[in-house]
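These notes concern the structure reproduced below.
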Amino acid sequence: MLIHLVCAARPNFMKVAPLYHALKKEPWAEPVIVHTGQHYDPNMSDAFFQDLGMPRPDIYLGVGSGSHAEQTAKVMVAYEKIIYELRPDLVIVVGDVNSTVAATLAASKVSYPSDGSAGQVRRPLVAHLEAGLRSFDRRMPEEVNRLVTDALADMLWTPSRDAVENLLREGVPEAKIQFVGNIMIDSLEMLRGKIEAQSTHLSLGLGSGDYGVVTLHRPSNVDDAAVLKNLCSALQAISEKLPLVFPVHPRTRKKLEETNLLPSMMNGHRLLLPEPMNYVRFMSLVFNCRLVITDSGGIQEETSYLGIPCLTVRENTERPITVTHGTNRLCALENLGEQADRAMQAQASKDRAIELWDGKTAERIVAVLRGVAEQSGRGA
Ligand code: UD1
């Protein structure tokens with residue numbers, strides 16, 4: 001069974017890695033990594049492949065940056081050619097980035113003669129890993145990507161029960177949905193030894209539990225100059241009480257430069273602005289921190305799993321389980337200082353385990369796919 005694992009951007013790589021490793025062990029599976037090239041800086045891409053023990057991508061589409069339509073269209077055009085050439089049996093897409101929806105659209109519309117009886121046509125099956133998450137906010141490009149991907153995919157692999165419910169509410173047949181758990185936890189557990197052996201905080205001159213970690217890159221937080229300015233002021237004020245480490249996403253760095261906010265942000269040793277870090281180095285920083293301030297999806301989940309207080313600077317989250325069962329709190333920019341004060345007092349706690357966030361999601365997906373391979377007679 002020829003399986004394409006499509007990945008594109010930083011948050012995709014840790015979702016693909018455990019599944020790639022698990023499929024590699026199966027005699028019936030031929031996993032192939034397709035990197036669309038949406039993220040291309042070495043520290044946004046190559047560093048993750050190294051950490052996660054993945055080989056260089058078998059196929060690299062090199063689409064780079066662009067507007068949403070450009071990026072989506074470039075992936076569709078490039079990937080359609082690859083599908084016709086290689087005819088995969090299954091295309092696995094992950095997360096909610098532009099490449100996720102683009103690869104899904106391309107794979108859903110191709111058709112070529114089946115190798116069986118004359119006149120029959122075939123296309124690859126499409127599976128969406130991390131299906132069913134909804135912020136119910138269509139101003140977010142990722143929400144549009146999630147909706148379209150889930151409407152088209154043949155198999156929907158969900159990380160949590162609320163995601164299953166969202167899909168059922170949208171009329172998706174139950175047979176298409178498999179509740180497999182959270183694949184990000186597989187990566188974290190796979191690399192726990194290496195993460196615990198790193199001490200990123202010490203290399204930055206910080207003690208364990210004596211600092212906060214910040215990541216911000218969402219258009220809603222960084223694209224508007226006035227919002228970004230307020231955010232920077234809030235972070236500076238918090239850093240007077242608790243040193244902050246803010247590895248700056250390329251998108252955010254560009255905006256900080258355009259708005260001339262970078263010099264004042266760098267003026268002071270309590271607010272550190274390193275380049276984005278590789279997975280192990282970054283997770284080591286999170287493992288040892290007092291609190292996280294973010295707008296990332298994945299970090300809401302990782303902090304919940306680890307029991308570390310997390311303030312998410314957004315109006316909503318597509319991952320509500322991190323609020324109901326984890327340590328995540330949604331936070332308006334105006335309240336960031338006050339909520340940070342409160343979070344600094346909170347003890348790290350891991351009171352409730354989240355169902356199927358157990359490091360065994362890749363195993364469950366392999367079991368599902370073994371069944372598919374047997375049914376289709378492809379290589380099983
Ligand atoms: C993308 C995803 C978002 C994800 C985020 C994680 C979409 C719609 N958004 O947002 O869901 O949370 O990745 O990082 O797919 N850039 C570089 N080097 C790189 C990558 C990007 O300089 O390696 C620059 C680009 O030139 C662009 C900006 O960063 O100006 C944004 O990149 P893009 O991939 O368009 O979206 P992200 O904001 O990274």
Side-chain angles (χ1 to χ4, degrees), residues 6-16 35-50 57 60-76 78-79 93-105 128-131 133-135 137-150 184 187 213-224 227-228 246-259 262 273-279 282-283 292 294-302 310 312-314 316-319 322:
V6 180
C7 54
R10 190 170 58 173
N12 292 164
F13 306 136
M14 47 285 223
K15 292 171 194 161
V16 159
H35 187 330
T36 67
Q38 181 174 339
H39 281 179
Y40 44 85
D41 281 0
N43 58 9
M44 297 291 282
S45 176
D46 305 9
F48 283 76
F49 273 73
Q50 281 158 21
Y60 187 74
L61 305 181
V63 300
S65 304
S67 71
H68 286 277
E70 276 167 348
Q71 215 168 38
T72 310
K74 280 197 226 161
V75 174
M76 285 182 71
Y79 188 47
V93 297
V94 299
D96 56 16
V97 302
N98 286 337
S99 300
T100 310
V101 69
T104 303
L105 277 162
H128 183 204
L129 174 52
E130 202 183 79
L133 297 183
R134 296 289 179 268
S135 66
D137 178 359
R138 292 195 185 187
R139 291 170 303 174
M140 279 182 82
E142 292 82 0
E143 181 75 353
V144 177
N145 294 343
R146 288 188 280 263
L147 282 161
V148 177
T149 302
D150 286 345
M184 298 256 294
S187 288
V213 175
V214 180
T215 82
L216 296 161
H217 73 277
R218 294 268 159 221
S220 58
N221 281 325
V222 306
D223 282 8
D224 182 288
V227 173
L228 186 60
F246 179 4
V248 186
H249 188 284
R251 175 194 192 90
T252 310
R253 190 170 292 274
K254 213 194 256 174
K255 299 289 173 189
L256 286 171
E257 279 163 2
E258 280 167 19
T259 48
L262 204 51
L273 303 178
E275 290 295 317
M277 294 179 186
N278 65 25
Y279 179 74
F282 181 73
M283 285 316 300
V292 170
T294 192
D295 57 12
S296 144
I299 298 170
Q300 297 172 44
E301 299 182 334
E302 287 156 342
C310 178
T312 296
V313 191
R314 283 175 46 186
N316 47 52
T317 176
E318 62 288 338
R319 292 162 162 91
T322 60

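Counting starts at 1 for both ligands and their atoms, following the listed order. In what follows, every heavy atom counts, from backbone to side chain, and hydrogens, waters and symmetry copies are set aside.
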What I'd like to find out is whether the side chain of Leu228 reaches to under 4.5 Å of the side chain of Leu256, using heavy atoms alone. yes
Between His35 and Ser45, is there a side-chain donor-acceptor contact under 3.5 Å, judged purely by atom types and distance? yes
Under the ring pair (Phe, Tyr, Trp, His ring centres under 6.0 Å) rule, collect the residues that match up with Tyr279, sequence neighbours excluded. none
Identify, with sequence neighbours excluded, every residue that meets ring pair (Phe, Tyr, Trp, His ring centres under 6.0 Å) alongside His39. His249
Hits for side-chain hydrogen bond (donor to acceptor under 3.5 Å, both in side chains) against Arg139, two or more places apart or cross-chain, chain-then-number order -> Asp137, Glu315
Under 4.0 Å from ligand 1 - residues by heavy atom, chain and number: Pro11, Gln38, His39, Tyr40, Asp41, Met44, Ser65, His68, Gln71, Asp96, Val97, Asn98, Glu142, His217, Arg218, His249, Pro250, Arg251, Lys254
Salt-bridge present (Lys254, Glu257; N to O < 4.0 Å): no
